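Please read these numbers as outputs of a predicted model, since none were measured by experiment.
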Amino acid sequence: SVKEVFSDELASIGLYGREERRRYSLLKKATPLVFAVFAVIAALLAGKTAPGMIVPATLAGAGMGYIFAQSRFRARQADFIRKLEFYLPVVMERLVMAVKSGLDVIAALKAIVELEKGSTKTVDPVTKLLDLVCQLAEAGLGFEDALRCVAGLVKCTALRHAFLHLAMAWSEGGELVMPLSELSDSTQLYYQESVEEEIAKLPVKATMPLLLTFAGLLICFITSPLIQVMSVMQKALPK
């Protein structure tokens, strides 16, 4: 079942289970068909029952459905990356605490996964990825290679950075508490900077609707006087 995760792009939105992957794939494939059916029904209700209009309506509906499915996929991918960036510092801090208690990295990862599964019904996405790492390691893949493979599943720069540095710390051996602590601090700093960047964008996001509203009101106020001026000018012109 772990190999199936590497077969398509569904892992990039956090879908790892066989059943949830099957449901999402069916829904994504059915979306263009549903849009095409509604487009044909709308064309029939509009009175355009000519055979030549059925095919264009079907193609237009299927195209809109495909675009909608792709936009939903990108939105879900962005939301998944945001969740990874949020939970990554928390999970890395747990890993540091587990290693400080005397566990090695693999045992610490397994403890984090088991603790998360036992305490909550919904496991956070970072712990799910660590669970994949543990499954790959138990299946015979090297721990460093397992981290690199799982890091390649998602398009989250912070998580890839953390997993690759964790793989390097594991391969080099020696004292792990210090490099893991530095890695945990870097993930927290990255998330803090991303939040500050989002906050910095808020004034622009809040100002643009106001500017558009002001421009619309200005056009409404100016339109009536302009119409009156143009009417007076037309009357003043010699016939």
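- Put simply, CG on Leu130 and CD1 on Ile106 are 12.0 Å apart, with the number rounded to the nearest 0.5 Å.
- Within the structure, ring-ring contact (aromatic ring centres under 6.0 Å, His included) pairs that include any residue of residues 99-149 comprise Phe143-Trp170 (at least two apart or interchain).
- Each of Met92 and Leu164 belongs to its own hydrophobic cluster when Ile, Leu, Val, Met, Phe, Trp and Tyr are linked at side-chain heavy-atom distances under 4.5 angstrom.
- Looking at residues two or more places apart in sequence or on another chain, you find a side-chain hydrogen bond (donor to acceptor under 3.5 Å, both in side chains) between Gln77 and Ser12.
- Here NZ of Lys110 is found 13.0 Å from CD1 of Ile112. Values are rounded to the nearest 0.5 Å.
- Note that NZ of Lys83 and CG of Leu159 are 15.0 Å apart. Values are rounded to the nearest 0.5 Å.
- Residues Leu109 and Cys134 approach most closely at CB-SG, 4.0 Å, considering heavy atoms.
- Residues forming a side-chain hydrogen bond (donor to acceptor under 3.5 Å, both in side chains) with Thr127 (at least two apart in sequence, or on another chain): Asp124.
- Looking at heavy atoms from C-beta onward, Val37 lies in side-chain contact with Ile41 at the 4.5 angstrom threshold.
- In this structure, CZ in Arg76 is found 9.0 Å from CG in Leu10, a value given to the nearest 0.5 Å.
- Residues meeting the side-chain hydrogen bond (donor to acceptor under 3.5 Å, both in side chains) test with Arg22, sequence neighbours left out: Glu19.
- Applying the under-4.5 Å side-chain rule to Ile, Leu, Val, Met, Phe, Trp and Tyr, the cluster around Phe35 extends to Met64, Phe68.
- A continuous path of Ile, Leu, Val, Met, Phe, Trp and Tyr side chains, each step under 4.5 Å between heavy atoms, connects Leu166 with Leu141, placing both in one hydrophobic cluster.
- Minimum heavy-atom separation, Val99 to Ala108: CG2-CB, 4.2 Å.
- Within the cation-pi definition used here (under 6.0 Å to the ring centroid, within 45° of the axis), Lys128 does not qualify as a partner of Tyr16.
- Ala146 and Ala137 get closest at one heavy-atom pair: CB-N, 4.4 Å.
- Salt-bridge annotation for Arg82 and Glu85: present, with a side-chain N of the basic residue lying under 4.0 Å from a carboxylate O of the acidic one.
- Interatomic distance, Arg23 CZ to Arg18 CZ, rounded to the nearest 0.5 Å: 13.5 Å.
- Hydrophobic clustering (side-chain heavy atoms under 4.5 Å, transitive across Ile, Leu, Val, Met, Phe, Trp, Tyr) keeps Leu153 apart from Val123.
- By the neighbour-count criterion of 12 heavy atoms within 6.0 Å, atom NZ of Lys28 is densely surrounded, having more than that number from other residues, nucleotides or ligands.
- Closest of all the heavy-atom pairs between Thr58 and Ala36 is O-CB, 3.6 Å.
- Connection of Phe80 to Phe86 is established within a shared hydrophobic cluster, with ILVMFWY side chains joined at heavy-atom distances below 4.5 Å, either directly or through further cluster members.
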query: Passes salt bridge (Lys or Arg N to Asp or Glu O under 4.0 Å), Lys117 versus Glu114? Steps please.
result: CA-CA 5 Å; Lys117 287 182 177 180; Glu114 293 299 326; 5.1 Å; no
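- Residues Leu129 and Ile81 are members of separate hydrophobic clusters, defined by side-chain heavy-atom contacts under 4.5 angstrom among Ile, Leu, Val, Met, Phe, Trp and Tyr.
- Residue Tyr66 places its OH atom among 12 or fewer non-hydrogen atoms of other residues, nucleotides or ligands, all under 6.0 Å distant.
- The shortest heavy-atom contact between Gly61 and Ala39 is CA-CB, 3.7 Å.
- Here the shortest heavy-atom pairing between Leu88 and Val126 reads N-CG2, 3.7 Å.
- Pairs passing the salt bridge (charged side-chain N to carboxylate O under 4.0 Å, His left out) check and including a residue from residues 147-163, sequence neighbours excluded, read Glu144-Arg148.
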